[in-house]
Amino acid sequence: DVKVTQSSRYLVKRTGEKVFLECVQDMDHENMFWYRQDPGLGLRLIYFSYDVKMKEKGDIPEGYSVSREKKERFSLILESASTNQTSMYLCASSYGQLHEQYFGPGTRLTVT
Amino acid sequence: KQEVTQIPAALSVPEGENLVLNCSFTDSAIYNLQWFRQDPGKGLTSLLLIQSSQREQTSGRLNASLDKSSGRSTLYIAASQPGDSATYLCAVFLLMTTDSWGKLQFGAGTQVVVTP
């Protein structure tokens, strides 16, 4: 079974802090994704990566950056956390673009 | 712009009834459609993936159909159980407008409660 893990289930940070969210997949998938999920807005794509050291912006990349130094690991970075980045963050991976996406358990981030 | 709609937003059925969940999309130029389940406060679990060339896909008590020409997909869950209570989301895979990469466009989901 595909396993996607995220470093934290819950995280509380202060405004202005630099925040790192880590995601690891164990199935040698090429593609990895970061989404955020908010009530009334649904899931929105922040960034994705189709290969090591490669990244593409999604629908809402502002205020975020990503890093993919190894195939199995994809990190989401909030350079200077703000209260409007309080959300559920979901990581996903897939073998190829047209293949199933598998999601991690999510990280609920609260920025105070 | 592709829009994905799921109606109803919430549904309550007694145990044993069949569940019928609807998903509609505005642009038929999709590559595939994926159904997910989400339990409260948790991540998404992939249920079924239907390629654009397929009409349906089955897994156990789950059956999903796809009609690209009418922009619709339906997820059927036979003989519902209380453990089926969750939010069900559909998502269509489409190419982004500015490059050759694709993404999933999600519906808002249908919240299902199966009462014992």
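From a predicted model like this one, the values you see are computed outputs, not experimental measurements. In what follows, every chain begins at residue 1, and chains take the letters A, B, ... in the order their sequences are listed. Values below: every heavy atom of this structure, side chains too, minus hydrogens, waters and symmetry copies.
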Within the structure provided, determine whether B:Lys42 and A:Pro105 are in side-chain contact (heavy-atom separation under 4.5 Å).
no
State, with a plain yes or no, whether a side-chain heavy atom of A:Leu43 is found less than 4.5 Å away from one of B:Leu104.
no
To the nearest 0.5 Å, how far apart are [atom1] in [X] and [atom2] in [Y]?
X: B:Phe106; Y: A:Leu41; atom1: CZ; atom2: CG; result: 14.5 Å
X: B:Leu44; Y: A:Tyr35; atom1: CG; atom2: OH; result: 9.0 Å
X: A:Asp59; Y: B:Lys103; atom1: CG; atom2: NZ; result: 3.0 Å
X: A:Gln101; Y: B:Phe93; atom1: CD; atom2: CZ; result: 7.0 Å

Is it possible for you to say whether [X] and [Y] belong to one hydrophobic cluster, with membership spreading through side-chain heavy-atom contacts below 4.5 Å?
X: A:Val24; Y: A:Tyr95; result: no
X: A:Leu90; Y: A:Leu21; result: no
X: B:Leu94; Y: B:Val4; result: yes
X: B:Leu75; Y: B:Val92; result: yes
X: A:Met54; Y: A:Leu45; result: yes

Side chain, backbone, both or neither: which part of A:Arg9 has a non-hydrogen atom closer than 4.5 Å to chain B?
side chain
Could you list the residues that satisfy side-chain contact (heavy atoms from CB on, under 4.5 Å) with [X], not counting sequence neighbours?
X: A:Val52; answer: A:Lys71
X: A:Thr83; answer: A:Thr15
X: B:Lys1; answer: none

Write out, in numerical order, the residues from residues 47-71 of chain B with a heavy atom short of 4.5 Å from a heavy atom in chain A.
B:Leu49, B:Gln51
Using a 6.0 Å cut-off, check whether atom CD of B:Gln111 has over 12 heavy atoms from anything other than its own residue.
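It does not: B:Gln111 CD has 12 such atoms or fewer within range.
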Within a radius of less than 6.0 Å around CZ of A:Arg44, do more than 12 heavy atoms belonging to other residues, nucleotides or ligands occur?
yes
Between B:Gly43, B:Ala108, B:Gly107, B:Ala91, the one whose heavy-atom pairs under 4.5 Å with chain A are most numerous
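If we count pairs closer than 4.5 Å to chain A, B:Gly43 comes out on top.
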